[in-house]
Amino acid sequence: MVSFTNFVTLALALASTASAFPAYGSLAGLPREELDKVLPTLEFKKPAPPPGPLAYNGTKLVYDKAHPWKAPGPNDFRGPCPGLNTLANHGYLPHNGITTPAEIVTAVMEAFNMDNNLAKFAAYVAHLVDGNLLTGLISLGHATPETGPAPPAPALAGGLNTHLVFEGDSSITRADAYWGDNYSFNQTLFDELTSYMDRYGGGRYTWDVAKEAKWQRIQNSIATNPEFSLMQPRHFTVYLEATFVINFFVDGRMTENRSLGKEEALSWFKTNRFPDDWYRPGAPTAFENITDVAKAHVIEPGRNVNGVNTYEVDPTQPDLYNFCGIYVDFVNRVVPMMYPNPTGDILEALQINLQYLYDSAAEACPGQQQFPYGKPQ
Ligand code: HEM
């Protein structure tokens, strides 16, 4: 399992040979004395601001000649996000899967027409907890042992695989981290999904399938995963990813009753490949229909507090209709958990990345910028 604790253990092993600490490795959670060993080996690169919205934001062919599909090799990093894995396989992101939040923003806008603010919000949430704040690099997950010899253990950890800070439970086609592998395509889960497509969507992924399949995954996790958690930002992203399947994976030329077939779904989730002749959505898109999906079967943020079937709502957590609350909770609770007492370059890097994150939320949360480390000087 690539839990946050395991990641710290592996990072500590690396830190003892500080020169080997990877430039994409997250510094989150490293104790002060380890940071002191690692920091001198890394060069601080002040992150440039991410790009603004697209100039042309209509639909267009995305699987074009300039972006052929190429499978990842043994040293390429892939992880739990089929959207980003696909972009790396087609060269919209670096093929090795080691990238920057600004590159992610550019790529998800260009290839998926993701709304600029959502693209920035997702990329900087991920980078703050899963990326290397000094070098500005983030990995999509782990080097891909399925396609080659297993890499040394530390290379398996970290990046977007890291459990509980962004990656979470009740995913569509990935198992809960409790079961050991939270990033690989899982055929059993995909088969369950297609049975829901048959039952509720006439063989396709529709909004009804999004509602019912996601609810089934949550119920299953409550009943089988003693460590199940829907603490934010997971309560938000668990529904967000269910909407992504229609909002982003469906060809942009399908404008009415958008839905996804089984073969295309397999291409996205398993092969991480654009369906042939694929066009991006026809307008910038964010989290359309997320409240409909979540309201179909209501569960508030919380977790199994004492083994399976002990789900308790946490009344201090914002729910998913409160986007600003999710921003505030992430910045004031999650980030300081990872970086309790930052100083020097790390503090500066945190302040810059926190600013980029707020920029993405400012329209929705005017006047609510949070400064967990005080206002920058
Ligand atoms: C903008 C930056 C993005 C970041 C940082 C990101 C990150 C992630 C992460 C960490 C997960 C794992 C969550 C889990 O535990 O299930 C995930 C899942 C997912 N992402 Fe992304 N993602 C991004 C953009 C996208 C885009 C553009 C798409 C669609 C085109 C997408 C589609 C999905 C889907 C469908 C899942 C669920 C996979 C499954 O449950 O099987 N993501 N993403």
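Both ligands and their constituent atoms are indexed starting at 1 by order of listing. Every heavy atom of this structure was used, including side-chain atoms; hydrogens, water molecules and symmetry mates were not. Just so you know, these numbers come straight off a predicted model, no measurement behind them.
- From the protein, the heavy atom lying nearest to atom 16 (O) of ligand 1 is S171 OG, 2.6 Å.
- Distances below 4.0 Å separate heavy atoms of I104 from the following atoms of ligand 1: 1 (C), 2 (C).
- Taking the centre of each ring, Y178 and F228 stay at or above the 6.0 Å mark.
- Per-residue contacts place E167 under 4.0 angstrom from the following atoms of ligand 1 (heavy atoms of the residue considered): 15 (O).
- Between A102 and P51 the shortest heavy-atom distance is O-CD, 3.9 Å.
- Two rings, from Y339 and Y373, have their centers 6.0 Å or more apart.
- For the pair V108 and ligand 1, a heavy-atom separation below 4.0 Å is found.
- Aromatic rings from Y239 and W215 are positioned such that their centres are separated by 6.0 Å or more.
- Residue W268 does not touch ligand 1, judged by heavy-atom distances below 4.0 Å.
- Annotation: cation-pi pair R280/F112 absent, no NZ/CZ under 6.0 Å from the ring centroid and within 45° of its normal.
- Heavy-atom proximity to T173, at under 4.0 Å, picks out these atoms of ligand 1: 39 (C), 40 (O), 41 (O).
- Residue A126 approaches ligand 1 through these ligand atoms, each under 4.0 Å from one of its heavy atoms: 5 (C).
- The aromatic ring centres of H90 and Y63 sit less than 6.0 Å apart.
- Ring centroids of F236 and F287 are separated by less than 6.0 Å, placing the two rings close together.
- N322 places a side-chain heavy atom less than 4.5 Å from the side chain of C324.
- Here the two rings, on F249 and F244, have centers that are 6.0 Å apart or farther.
- With respect to atom 29 (C) of ligand 1, the closest heavy atom belonging to the protein is F249 CE2, 3.5 Å.
- Here the side chains of W69 and T86 are not in contact, with every heavy-atom distance at 4.5 Å or above.
- For atom 21 (Fe) of ligand 1, the tally of protein N/O/S atoms lying closer than 2.8 Å stands at 1.
- A donor-acceptor pair shorter than 3.5 Å can be found between the side chains of H142 and N161.
- The heavy atom nearest to atom 7 (C) of ligand 1, out of those in Y124, F112, F166, is found in F166.
- Listed by number with element, the atoms of ligand 1 under 4.0 angstrom from any heavy atom of R234 are 13 (C), 14 (C), 15 (O), 16 (O).
- At the shortest separation from atom 15 (O) of ligand 1 among protein heavy atoms lies G168 N, 2.8 Å.
- For Y356 and Y124, the ring centers sit closer than 6.0 Å to each other.
- Using a 4.0 Å cut-off to heavy atoms of R174, the atoms of ligand 1 that qualify are 41 (O).
- Checking only distances, I172 does come within under 3.5 Å of ligand 1, N or O to N or O.
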